[in-house]
Amino acid sequence: MAASTTAPTASTASSSPMAFFLQGETGRNTRGLLRLIILCTIAAAAVASRLFSVIRFESIIHEFDPWFNFRATKYLVNHGFYAFWDWFDDRTWHPLGRVTGGTLYPGLMVTSGSIYHLLRFLTLPVDIRNICVLLAPACSGLTAFASYLFTSEMSDSPSAGLLAAIFMGIAPGYISRSVAGSYDNEAIAIFLLVFTFYLWIKAVKVGSIMWGALTALFYGYMVSAWGGYVFITNLLPLHAFVLICMGRFSPRLYVSYTTWYALGTLASMQIPFVGFLPIRSSDHMAALGVFGLTQLVGAAEYLRSQLPSKQFQTVIRSAVLLIFVVAFGGLVLLTVSGVVAPWSGRFYSLWDTGYAKIHIPIIASVSEHQPTAWPAFFFDLNMLIWLFPAGVYMCFRKLKDEQVFIVIYAVLASYFAGVMVRLMLTLTPVVCVAAAMALSQILDTFLVASAPTENDADTKQANGTPAGANGSIADKLSSALPDTLRSTKSPLVGIYSYLSKSLITGAITSYLLLFVLHCTWVTSNAYSSPSVVLASRLPDGSQHIIDDYREAYYWLRQNTEPTAKVMSWWDYGYQIGGMADRPTLVDNNTWNNTHIATVGKAMSSREEVSYPIMKQHEVDYVLVVFGGLLGYSGDDINKFLWMVRIAEGIWPDEVKERDFFTQRGEYRVDDQATPTMRNSLMYKMSYYNYNSLFPAGQAMDRVRGSKLPADGPQLSTVEEAFTSENWIIRIYKVKDFDNLGRNHQDATAFEKGNKRKKTSAKRRGARVLRVD
Amino acid sequence: MEMRLLLSLLLAGLVSTVAALSAQGSKLLVVLEDESEKSRYSQFWTDLEDRGFQLTYRTPKDPQLSLFRHGEPAYSHLLLLPPGKGTKGLGPNLTPNLLVDFISAGSNVLMALSGEQSIPSAVSSLLLEFDISLPPDRNSMVVDHFNYDSSSAKESHDVLLLPGKNAGGSKKGVADILSVDGILALPHAVGAVLGNASPLLNSIIKAPATAYTYNPKEEQEGVEDVFATGDQLSLVTAFQARNSARFTLLGSVEALQDAWFDTTVQHSAPGSKSEQAANRAFAQKLTGWTFKELGVVKAGPVTHFLNEGSQQNTSDLTTLSDINPSIYRINTEVHYTIELSTWSVDHWVPFTPPASDAVQLEFSMLSPFHRLNLAPTTTPANPNASLFTATFTLPDQHGIFNFFVEYRRPYLTNIEEKRTVTVRHFAHDEYPRSFVIMAAYPWITGIWTTVAGFVGFCALWLYSRPEKERVELKVKEAGGR
Amino acid sequence: MRLLPALTALLLPLTALGAKKSPGDRFAEYDTKQRSASKAVTLDDRSYEALTTAPRDYSVAVLLTALEARFGCGLCNEFQPEWDLLAKQWTKGDKNGEGRLVFGTLDFLDGKATFQSMMLQTAPVLLLFHPTTGPNARADSTPVRFDFSNGPDRAEPIHAWLSRQLPHTSPPPFVRPINYVKIAVITTLGLGVVTFLSVAAPYILPIIQNRNLWAAVSLLAVLLFTSGHMFNHIRKVPYAGADGKGGMSYFAGGFQNQFGLETQIIAALYGVLSFATISLALKVPRMADARAQSIAVFVWGGVILVVYSFLLSIFRIKSGGYPFWLPPF
């Protein structure tokens, strides 16, 4: 009963000189061939538009997380799969270590590892780094194809799929996470997301176990690849639930959903990191509940079809309702009693938007968990963002199961994208699909060569057959539905004048061209600079590369012992591990709040407090990022408050955020700064010797835009080891205990040559006697 | 770190040259005010030279006096005699900073003071760095009206007589290195007060309970605000830095002079007979300790291995397949061995800790998970070291751990041996299989019955083909909604 | 029950004498007072002085607040019941006051002098005076100050803070009393709703099942979210900003921030654009009359062009250096 993807449609089936190629069997083949060629070109375009960074800089990994993925992939390739599976990483989270094999999503690494071995098998020795760098663009080509399939399920128009494909291929919202070198989980996850949705829709339409099983298979792959699988885990059940509520329960739905749930859950439980979550955590309870509901409703439907007694049906209805309510209550009870884990913090903070800031500052502190302002939407989706609602509206025109899915997906995803910047990624596919549907509708209408005449319009009026009637059951269904949209009441006629046709077509074409320009511009300007290399423009317009990160990391790699522990804020953990290959205390996998808080405390306390902490954790070097000289705003002093907050969460009485604000509640670094601020290790390490760059009293912080106190801070427990060219990265060495057992303040004072006061008995009061 | 490295290098070099009896080196620099004083200590010098030290005599003003050459210490040991009257300090080549650097470089210093001469401020400020404080009054000395030498200091009571056997404070668990038989005579001693915090300080000889500091220069009856009294006054003080460099403060330099080496003294207590002073023996012990002849302990190779399976309780380490592995698994048994040896006269001998004391091993991550006493054993295999061994089970906690032996005791060089190992979790195939666990049988049976039931049902279903119209109806049901 | 306030009022004059009394019976007096009132003791300047003068062998927790409506201190009024509840539960917790802790509330009206002497600009402020004599006395007599700046104005965090500050006492656990009334109300309401639904179902169902309604709702939601409404909700941005010269600026400068009004404008623009698109796609081809149709095409096409170019021009304001534009703007 499904409308086949290559359904011949009214638009192109008109007579024309090349009738032979455009009509009948050969016509279908020609169209198929064209479609294939177009898709290949789209894939090529998608890949090509993501290569800016490789061409400009080099084949290098970007950002922060990718560095860990890259390191893990290298480990996988070098030591084999089982070693990777049981990997205990003793170079992160010193001295706790990390059971890495059990706490990551292996999908990405395994994918590129298998590609690597495949190429080796084909005697194509390729460096694993290049595979990692180019994986994301390759996947984006696949994503374009997947979205073609997905959209073709949605609408009968052949152009919709192709439009969706190209939109998906070049939409910045997706490029932002899939340029060459951003080797992140999302790289393959988005492809899997779209393809899983395609398979699900297919399964629901056809109602075959095979498609359901395929959905489960790719769902399992998705689970192994990205934590965002929870989105699917909740969206599919919601779809099923809404369908049931709309009274559209059908054996197709039953078969596809139950198949997907059973197999998919089993598949997801194979990932160690997920383990028993699917039956223990609230994030997955919706799927379980709907599974139960489908069983109930299925049974009820069956009975009802067997015994047609009216009262009995009502009895069954109420019974189903009752059992559902009872089951739901039981679930709530389990959650309260703690058998079922409550919502995980990240997921919960999506609903209660104020939650994270108060309870889990570590989550709130992540930059990509911030809410999205409207320019970001427009920046990432340009004109799609206003085609999007139109497409959603058109889904209501012919509201079949798959259109319902689109509507739900659209509303949910736009909410999530509004709450968290990074979830723009999940919104982009549905936007592309919806926009493509809207645009294809317009094009199909305005590209019809033949103009209708008044009288056949009248005949249409007479026997009001609705839009695009090509005799499929689905259309009969949709026409049989209670009420259609007001805008589609009257029958379809067509466009009369060629002028209006050409006008609209021209306009749309120019908009599309503008869209392409926009995407290219955004990609090349915003999303193609690896954040380890800062690109800036000189006054004369030429590009200036600021390479302090790599400079500092290579300094660490070449001038420190391989086992030297480096303490830094967690943002730089993965990069230090990947580029400098040195053990770190904390890194971007923020699983241990206490350990991070310990680092935060060490950074935000006085030296005398910090030194024992650093000694206990065997810290050899401390790395801080300081943008004051260059005006680089993403530095540690700006992140400092998060360190304080996170530390305060664990030691509320030793670290107080209040003490870092002045009386008037300002966060200052100049001579108005609070003593707590000026004595904190982070402040001292950032500004140590800084005013030696300037004439006396002229020291200026270009980020905070404030003049610094005349005399800079003094350090006694750590000594400056390295400062990069633009002072962005400063590395300090932690001193050993003093040889004579003095505290470091006295030792440094003695080396400076000023004698220690001989405290006379009178001033000292009663002497503490020595007992031994 | 590199100090200990340097020290061990020196040790390696010097075990062969038997001439020097010090474990560290034989070059000794003597700084004295002028050549005339030198003659007063002739026996002392000869004793030192007999023990293989190469003495170099310099005066503070000597231009070619310098502690360092090419940034390395030029001498292994330094002996400072008190500067002459009226000198402000020890001269430009012996500033406090230089001396501290000298010690930080691992060399040893013996500093002798005298109550006769006023102490320059440079010295007292240097001593403050070691948390040793001298009386503010430059000329005061320790006086005791009950334990003085009645033969020499009948009036002034400023020659203290002390039993030599409790030199080095014979305490429980502390190695007895410095005690001598007989009685010690300490004339015109300067008493110092030790900071109560520093664990690096030890008082070798305390003043008796009845002693106090007093300045004979200003004639007055009774002293108000006495600087310190009794056993708070330390006459001979030992300081051992973290890098085991030693610094000794001798309160009375006269005790080293020939005059006091072979004199007979008589204790002031009634009925005590006069006897030979034991200063010479004590001087030998004192210099011996300061210059690293006595109480030198070194750590030999450290070995640890998995004490399970084929290599359980292996005595002969050479047969082990993997020794000192970098990674262990939780809850496994591990064997640890460290070799300790101590320096006697001219070679290394097995080290045994003093009675009621033990070498301890910590297995620690952030905080110790185990703290074990190591049992010493000596094997004929290596005659000049004793093996300290322990066998224990690793904690049920993965992470990066340290085998840490830290042995810091008074009068013994510091031992600090840290070996870092990783303790990993169970690998996925190291858990027992389900069919081994009895409690898992219900579940296993459950699984297989379900599978069988499903297969059976499918067979049944396929066998019994449903009638046509029923299917039709179903489809309509499905479609019609 | 009505007696208790009267009783406290009657006791209040005594506080003048409190200063002369020994700390021991001062504590006893105020303890009985707060037990009888079963809430924090209401203080004024004199009683505050009396209560907090050294020497005292008990600790005092005073909430300096401004309950009067005209001060418009929402936080104070929100927190007051919580504070009284905490005092009640605490005093109920340790029956015979081993904790030796007195809860007091000093309203600005009764304690102007105190507020001025402490130069307090903000309210509420929670001060904790440690005992100056007795076993667990603190060296410095200056009170510890709880910081309300970071939000939590419920009783639990305050209780936790007090327990941290007074380690020597074994602080009684804080249990929120079960609000039976609330539960009853909720249950009745729920039942009422259910019955109403079951009765009114035949009339409501068609509305619920109306497809246009759902379309409108979902379109509104999409427009709201994609125009950055959640950002306003979370960051609590101002509705509109003022430019330098007294006028009103509709658009916040910079890429990362926005105004409330701004988002509404953007949502409107999106709405217009998509409506035009829908009309072009669905309505226009269904027009039977040729002339009307072509006019509609021109109109909608023009609307799209103008509005889109306006949108682009706004975006150029937001992110400088954005190169693209459309006529006429």
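All values below were derived from every heavy atom in this structure, side-chain atoms included, with hydrogens, water molecules and symmetry-related copies excluded. Keep in mind it's a predicted model, so treat the numbers as computed, not measured. We name chains A, B, ... by the order of the sequence lines, and we start the count at 1 in each one.
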For B:Trp443, does the CH2 atom sit with more than 12 other heavy atoms under 6.0 Å from it, leaving out its own atoms?
-> no

CZ (A:Arg317) with more than 12 external heavy atoms under 6.0 Å = no

Using 30° and 60° as the class limits, which term best fits the ring planes of B:His425 and A:Phe88: parallel, tilted or perpendicular?
-> tilted

Check whether more than 12 heavy atoms from other residues, nucleotides or ligands sit under 6.0 Å from atom CD1 of A:Ile209, and answer yes or no.
-> no

Pair B:Asp131-A:Arg742, side-chain contact (heavy atoms from CB on, under 4.5 Å): steps then yes or no | CA-CA 8 Å; B:Asp131 210 354; A:Arg742 305 164 290 186; over 6 Å; no

Largest heavy-atom contact set with chain A, pairs under 4.5 Å, which of B:Ala245, B:Gly195, B:Pro410 = B:Gly195

Which atoms of B:Val423 come close to chain A, meaning under 4.5 Å heavy atom to heavy atom: side chain ones, backbone ones, both, or neither?
-> backbone

Is the backbone N or O of B:Leu194 less than 3.5 Å from a side-chain atom of A:Arg770, with the two atoms forming a donor-acceptor pair by type?
-> no

With a 4.5 angstrom heavy-atom cut-off, could you sort out which part of B:Ile327 is near chain A: side chain, backbone, both or neither?
-> neither

Residue A:Trp87 versus chain B: region with a heavy atom under 4.5 Å = backbone

Do side-chain atoms of A:Asn739 reach the backbone of B:Ala241 as a donor and acceptor pair under 3.5 angstrom?
-> no

Can you find a heavy atom in the side chain of B:Met365 that is under 4.5 Å from one in the side chain of A:Leu96?
-> yes

B:Leu366, B:Asn402, B:Thr420, B:Thr422 screened by side-chain contact (heavy atoms from CB on, under 4.5 Å) with A:Pro95, the one that passes = B:Leu366

Should we count CD of B:Glu430 as having more than 12 external heavy atoms under 6.0 Å?
-> yes

Indicate yes or no: at least one non-hydrogen side-chain atom of B:His428 is less than 4.5 angstrom from one of A:Tyr82.
-> yes

Rounded to the nearest 0.5 Å, how far does CD1 of B:Ile400 lie from CZ of A:Arg91?
-> 10.0 Å

To the nearest 0.5 Å, atom OG of B:Ser104 lies from atom CG of A:Leu740 at 5.5 Å

Pair count under 4.5 Å, heavy atoms only, with chain B: among A:Phe737, A:Trp93, A:Trp85, highest is A:Phe737

Would you mind checking which part of B:Phe239 comes under 4.5 Å of any heavy atom in chain A, side chain (CB onward), backbone (N, CA, C, O), both or neither?
-> side chain

